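Right, one structure below, let's go through it.
Here the structure is a predicted model, which means the values were calculated and not measured. Residue numbers run from 1 in the order of the sequence given.
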Amino acid sequence: MTPEPTPSAHDLLAFYLEAGVDCALSDEPADRLAEPAEDLPAPRDVAPRSLPPQTNMPAPAVMRDVAPAPDAAIESARALAPKAQTLEDLRALLQSFDGCALKTTATRMVFADGNPQAKIMFVGEAPGRDEDLEGLPFVGRSGKLLDRMLAAIGLDRTSAYIANIIPWRPPGNRDPSPHETQMCLPFIRRQIELVDPEVLVCLGKPSSQAVLELKDGIMKTRGRWVDYHTGTRTIRAIPTFHPAYLLRQPIYKRLTWQDLRAIKKVLAS
Ligand code: URA
Ligand code: URA
């Protein structure tokens with residue numbers, strides 16, 4: 001057996017970058033072991049160890065001050081999102097929404113790209129590194145493939161609208177948690193309603209499951225039309241493969257091509 005060559009510093013950095021480890025959480029390194037004891041929270045800031053055995057008790061004030069409980073954040077997203085009367089309102093609402101902690105680690109919010117008047121809207125999952133830096137969805141490697149998928153049916157970013165369920169990059173490209181998804185869903189639902197496309201395309205399993213509420217995996221659901229109800233109207237929706245998946249599994253481009261042709265037919269009708 002030949003031993004693996006020792007990786008160079010450059011190889012290691014390239015590996016970290018590929019794995020998504022490319023962001024520091026602050027500009028200055030913090031030596032947490034050297035932090036003086038007086039920086040620890042004073043005892044009164046610490047949640048009491050033993051709470052009376054009561055149910056339905058309001059959370060102690062100190063806990064509420066730290067961040068809204070996740071469910072409160074979902075509730076507030078549900079109450080806020082329908083208030084947006086335009087896409088610009090919605091963008092501003094999201095900018096000032098503090099319920100989702102991903103906002104604090106993301107470089108910038110990724111709201112949308114393309115034409116809000118388009119007849120077709122694509123919804124992905126969450127921004128990656130390139131999107132986080134540019135503030136636009138699908139600009140990295142999978143975005144380049146999405147552009148080619150659009151071109152295959154005569155579309156580009158002037159005739160399609162593109163967004164994600166989650167508008168902030170999860171650190172290191174980890175999967176968004178179910179809570180983060182639930183918190184961002186009211187906003188993407190309102191975005192779909194405001195764009196009001198003829199056709200909604202959900203890219204990949206997370207988008208199809210969250211937006212279209214389909215329980216099956218993408219292999220089963222792709223290429224099948226379903227109704228998406230905005231509350232005021234029904235939109236024809238279809239799941240297809242995520243371009244990031246197609247980059248790893250090019251064999252499924254053939255099926256994606258079938259889905260794209262079906263989409264083209266519906267757009268022309
Ligand atoms: N993957 C997504 O789901 N969305 C993007 O914007 C980029 C990659
Ligand atoms: N899993 C996903 O999340 N998306 C795909 O397109 C394929 C597998």
Side-chain angles (χ1 to χ4, degrees), residues 81-95 97 106-128 130-169 184-204 206-208 210-212 225-244 246 256-257 259-269:
K83 294 207 168 96
Q85 295 305 311
T86 63
L87 289 169
E88 279 320 301
D89 281 357
L90 187 66
R91 183 197 288 267
L93 264 182
L94 265 173
Q95 287 282 18
F97 178 68
T107 311
R108 46 179 58 90
M109 188 173 89
V110 176
F111 184 66
D113 195 14
N115 184 350
Q117 260 85 50
K119 292 206 296 187
I120 186 165
M121 174 166 176
F122 291 80
V123 178
E125 184 181 20
D130 298 300
E131 291 76 22
D132 177 71
L133 293 175
E134 278 198 43
L136 290 171
F138 285 100
V139 291
R141 244 160 58 81
S142 51
K144 299 282 176 284
L145 180 53
L146 179 61
D147 285 338
R148 279 167 43 213
M149 289 161 64
L150 294 176
I153 52 170
L155 298 171
D156 59 22
R157 293 186 189 223
T158 66
S159 49
Y161 185 83
I162 304 166
N164 285 306
I165 305 173
I166 313 267
W168 297 284
R169 179 199 186 195
C184 294
L185 256 181
F187 296 106
I188 185 67
R189 289 205 188 286
R190 185 64 179 154
Q191 203 167 350
I192 296 168
E193 193 177 2
L194 290 169
V195 174
D196 197 27
E198 299 297 321
V199 169
L200 174 64
V201 183
C202 288
L203 297 168
S207 171
S208 309
V211 177
L212 304 179
W225 291 97
V226 295
D227 284 344
Y228 177 81
H229 304 284
T230 63
T232 45
R233 195 168 93 79
T234 301
I235 293 173
R236 300 194 71 181
I238 190 168
T240 194
F241 291 113
H242 192 290
L246 295 175
T256 310
W257 173 235
D259 300 345
L260 290 170
R261 274 191 312 192
I263 291 166
K264 188 180 181 183
K265 222 165 126 188
V266 165
L267 281 177
S269 64

Can you check whether V110 reaches R169 side chain to side chain, under 4.5 Å on heavy atoms?
-> no
Nearest heavy-atom contact between P167 and C184 is CD-SG, 3.8 Å
Enter the distance from L155:CG to F122:CZ here, rounded to the nearest 0.5 Å.
-> 6.0 Å
Atom of I165, atom of P206 and distance for their closest heavy-atom approach | CD1-O, 3.8 Å
Determine the minimum heavy-atom distance between P243 and S142, stating which atoms define it.
-> CB-O, 3.4 Å
Side chain to side chain, L200 and L212, heavy atoms closer than 4.5 Å = yes
NZ of K83 to CG of L93: how many Å apart, nearest 0.5 Å?
-> 8.5 Å
Is there a donor-acceptor pair under 3.5 Å between the side chain of R108 and the backbone N or O of L133?
-> yes
In Å, rounded to the nearest 0.5 Å, how long is the span from CD1 of I120 to CZ of R236?
-> 12.0 Å
Are any side-chain N or O atoms of E125 and backbone N or O atoms of S207, one a donor and one an acceptor, separated by less than 3.5 Å?
-> no
Approximate separation, where rounding is to 0.5 Å, of L136 CG and F111 CZ | 12.0 Å
Looking at residues at least two apart in the chain, or sitting in another chain, which of them share a side chain to side chain donor-acceptor pair (under 3.5 Å) with D132?
-> T107
State the CG-CD distance between L185 and Q191, to the nearest 0.5 angstrom.
-> 12.0 Å
Are any non-hydrogen side-chain atoms of D227 and I235 less than 4.5 angstrom apart?
-> no
Are any non-hydrogen side-chain atoms of Y228 and T230 less than 4.5 angstrom apart?
-> yes
Extract all donor-acceptor atom pairs below 3.5 Å that involve side chains of residues 262-269 and protein atoms in other chains or at least two apart in sequence.
unit_1 : atom_1 : unit_2 : atom_2 : d
S269   : OG     : V266   : O      : 2.8

Would you confirm whether N115, through its side chain, and Q117, through its main-chain N or O, come within 3.5 Å as a donor-acceptor pair?
-> yes
Step through it carefully: locate the ring centre of F187, locate the ring centre of F97, and say whether they are under 6.0 Å apart.
-> yes
Sequence-distant partners of R189, salt bridge (charged side-chain N to carboxylate O under 4.0 Å, His left out), two or more places apart | E213
Any F138 side-chain heavy atom under 4.5 Å of N164 side chain = yes
Looking at side-chain heavy atoms only, is the closest gap between D89 and L194 below 4.5 Å?
-> no
Interatomic spacing from CE in M121 to CD1 in I188 - rounded to 0.5 Å = 4.0 Å
Report yes or no: does R190 contribute a side-chain atom to a donor-acceptor pair with the main-chain N or O of A84 at less than 3.5 Å?
-> yes
In plain terms, say whether R141 and D130 are close enough for a salt bridge, that is, a side-chain N and a carboxylate O under 4.0 Å apart.
-> no
Are the side chains of Y161 and L87 in touch, meaning some heavy atoms are under 4.5 Å apart?
-> yes
Do I238 and V201 come within less than 4.5 Å of each other through their side chains, counting heavy atoms only?
-> yes
